[in-house]
Structures are given as structure tokens and as C-alpha cells.
2 protein chains.
Amino acid sequence: MAYRETEKMRQRKAEARQRIIECTWACVSEGGFRSARITRIAALAGVATGTIYRHFESREDLFAEIFRLATQREVDKVAEALTVGESTVQRLENALRQFATRALKGPMKAWALIAEPVDPKVEEERLVYRKAYASLFEQAIQDGIAEGCLPDQDARLTSTCLVGAISESLVGPLSPTQTKTPPGHENNDNDLVETIVCFCIRGLTGTRS
Amino acid sequence: MAYRETEKMRQRKAEARQRIIECTWACVSEGGFRSARITRIAALAGVATGTIYRHFESREDLFAEIFRLATQREVDKVAEALTVGESTVQRLENALRQFATRALKGPMKAWALIAEPVDPKVEEERLVYRKAYASLFEQAIQDGIAEGCLPDQDARLTSTCLVGAISESLVGPLSPTQTKTPPGHENNDNDLVETIVCFCIRGLTGTRS
DNA sequence: GAAAGCATTGAATCAATATTCATTCTTTGT
DNA sequence: ACAAAGAATGAATATTGATTCAATGCTTTC
């Protein structure tokens, strides 16, 4: 026996894997999943196409992993936002605002994660993460109900409605075919976010606050 | 000159086209767009694959057409529901309920139209029709604002929120991987619909009605 | 019933990349 | 320095249905 995997090698491989992940995300951020070519990713990462397949089973698996990592970051941000605020309602508002604002800041990324047509394995991840968002909201809503600041409701369902309402109302603005704000509507984004948040909070609270 | 298209022929062609459309919709109703094979459609319609291409430019075009027809039916139903009811709010409730109820009645069809990952040309149609739904709601909301029974709001955006909230909360139940209601939850569907409608109406009105 | 023009057929072709794998290069332990 | 064990390479291959088109069959007109 003359070769055994050493720490140095393990690290080098990890770095390659990391580079592949980063370059894939770079490609996706630029044009979504569909247009991200393995050859391009390999070139960017400075490896051969074959090497990618030592690190990931298949293109779909690679994409699923990228999706998972990227979305987890977003979920974490929302979870974090959900801890900030005096009242439960404020915390929810904060989280919704965070979600929408971040999406509008990186439209192509958000589109890829929220609305781009993707292959089954990635779509599966998407469903998982939609549930993850919904679960975060669900918990907060249940807290709100317990505190008495939200009317009794099926928290699971209404949390899903929140996710749907935000996502849908962002799809138009995010859509890569019409990403540019028409002139004279520059700080529309703020109004957009506020209207969505307002709708959502009303949906939960049933008040005009 | 020995042949000119005659009425009889025109009709025969129209029938073939119609049959192709119906069989395509049958396939889609069964497994969505992705799994609808041209060969299968041709076989069902009793024509050769090549024939399909005299009636439609391409698979995508065929699908886009099928999507248009199917969705238009749904839009019409919603539009119709929107005319029934004493008050604007009741009419909106009615329309939302119609949308959700019909989707739950044909889960695979609804999934194909609302949530299945589809090719660009079909996705384009989907955007068009989401706007169509939103426009219907938008008009009603504006009426409501004018009448004073809805608070002032960006009708375009809140209508989009409605579409998003319903669609999203239906996606889970519709998803072809988990179409069966778990035992003991048989008439969940009604509660589901009512909760969604309630959320939406609250979102619009800001009251607990 | 014959010729001309269209429609239909479906096996063969195409297209577009993801994926493979024989070969080459690197690392490791003695 | 050498051999053993991996790792990396990237040109060649595989895949998968959609799409084409030469051959065949129907309709129509005279």
C-alpha cells in the first residue's frame, strides 16, 4: 500500500467541491438553473467536467445541493428577522419584509429559487423549503394566537397563504423577461413590499392597523 | 388544377385537430405536461405523429394551446362566479371559493395548470393567465373600493396576493406525489377552502367578518 | 378514370448536453 | 526513486424523444 488519503488531500478535494458549488451558484445567479451548463461550471471552477461527477452524482444532484444551500441561507435570514420586534405581529411583519426585500435585491437568484421551472429533484427541494418557510411563520402565528394578538386560525394553512401571497406578488417583478423598473417608478419597490406586507398582516389579524 | 380544399375536408381536418386537442388534454390530465408524449397523443387520437405537426408547430406550441384552452375555461368560471352575490365582498368570496373548489376536484389538472414546471412557452401562457385571474379580482376590488366596502389599496397588487395565496395553499394538496387525503380527514377540503377564503377576504377588508 | 394537389404516415434522423471511462497525472509510503 | 492507489482529464459516447420528409394514399376536378 503506497497511498492513503491524507488530510491535505481531503482538504484539497473539499476546496474543489467548494469551488464547484460557488461557480454553480454564480452561473445560476446569472441565468437560472436551466441555462447553467456543466461545461461552463467546470471551466469556471478550473476542473474537468468529469471531476464534477466525482463530487456529485449528477447535474440534478448538484443543482439540488446548490438549491438547498442557497435557500437555507434565505430561510435563516427569515428566521432571524422573526426574532426581532416587540410584538408577534411586528416580528411577522419584519420577517415578511425581509423575505420580500431580499428577493427584490437579487431578482435572478430569487427567481431561480422561487419561480423558475426546474427539474423534479430540484422541485422537490423547493417544496421542502416552502414548507420550511411556512413552518417558521406557522410557529409565530401559533405564538400569536396563544398570546391572543391573533384570532384563532389554522396556522399551517394561513402560513402557507403568506408564502403564496409574497411569492406570487414577487414573481412578476422578478421575472427575468421584465426585470427593469420602468422609468418614473424608481422606488416602487418599497411600496410593493409595504402593500404585500400589509395584505398579509391583515389576512392574519383581520384588522386595518 | 384538380384539387381545392373543400368544406368537407376543412371539417375533417378540424375534427382531427379537435381530437388531438382532446387527447392531449386527456394525457395532461393524467400525468401533467412533462409526461405527455407526442407518440402517445398521436396513438390516442388515431393519427400519425407527423400529422400532429401539420396542426401544431411543435410540441410546445401544442401544449401552449392546450394550456390556453384549459385555463380559459377556468378563468371563465371565476368570472362567472364573480357576478353572483349581493355585495362585492360576497362576489369575491364566491369567486375565490370557485377557484379553490374546482382545483381540488381535479387535482392533477390543477397541478398542471398552476404548479407543474413547464417549458418557457407554456410558462409564458401561465403568466398571462395569472394576470387574467388577477385582473378579474382587481376589477372587483376596485369596485369594492369605490363602493367604500373595501379600504383603499393597490388593487393590482392585492389581487396578485389573492392569486398567490390560493395557488400556494393548494399546491401542497394538489402535488401529485401526495394526492391522497389521509384517513380521518375526509371532508378537510371544505375547511381548507374556507380557511383560504377567510384569509383572503381578511387581507382585503381588514375585518374579522 | 386520370391527373393534380394535399394530407398522412412512421421509420429514420437530429439535436443538445449530460455522462462515461480509458488514459494520464499526482500523491503517498517505503 | 519506485510502485501502488487514487484523482483528474476531456474526447467520445449515450440518451431521449421531438421532429422531419420521402413515400404513399385520398380527394377533387374535368
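In what follows, chains carry the letters A, B, and so on, assigned in the order in which the sequence lines appear, proteins first and then strands, with residues in each chain numbered from 1. Nothing here was measured: the structure is a model prediction, and the numbers come from that model.
The ring-ring contact (aromatic ring centres under 6.0 Å, His included) check on A:Y133 picks up A:F99, with sequence neighbours excluded. With sequence neighbours left out, B:E65 forms a salt bridge (Lys or Arg N to Asp or Glu O under 4.0 Å) with B:R17, B:R68.
Counting only residues at least two apart or on different chains, the side chain to side chain donor-acceptor pair (under 3.5 Å) pairs with a member in residues 95-107 of chain A are A:E74-A:R102, A:E93-A:R97, A:R97-A:E194. The ring pair (Phe, Tyr, Trp, His ring centres under 6.0 Å) contacts involving residues 22-44 of chain A comprise A:F33-A:F63, where partners must be two or more places apart or lie in separate chains.
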Side-chain donor-acceptor distances from residues 34-53 of chain A under 3.5 Å, at least two apart:
residue : atom : partner : partner atom : Å
A:S35   : OG   : A:G31   : O            : 3.0
A:R37   : NH1  : A:R34   : O            : 3.4

Protein-proximity profile, nucleotides 7-19 of chain C, B/S/- by nucleotide at the 4.0 Å heavy-atom cutoff, equals SBBBB-----SSB
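Rounded to an integer number of Å, the gap from B:R40 CZ to D:dT16 C1' is 18 Å. Spacing between atom CZ of A:R10 and atom C1' of C:dT28 amounts to 14 Å, rounded to whole angstrom units. Atom CD1 of B:I41 and atom P of D:dG17 are 13 Å apart (whole Å).
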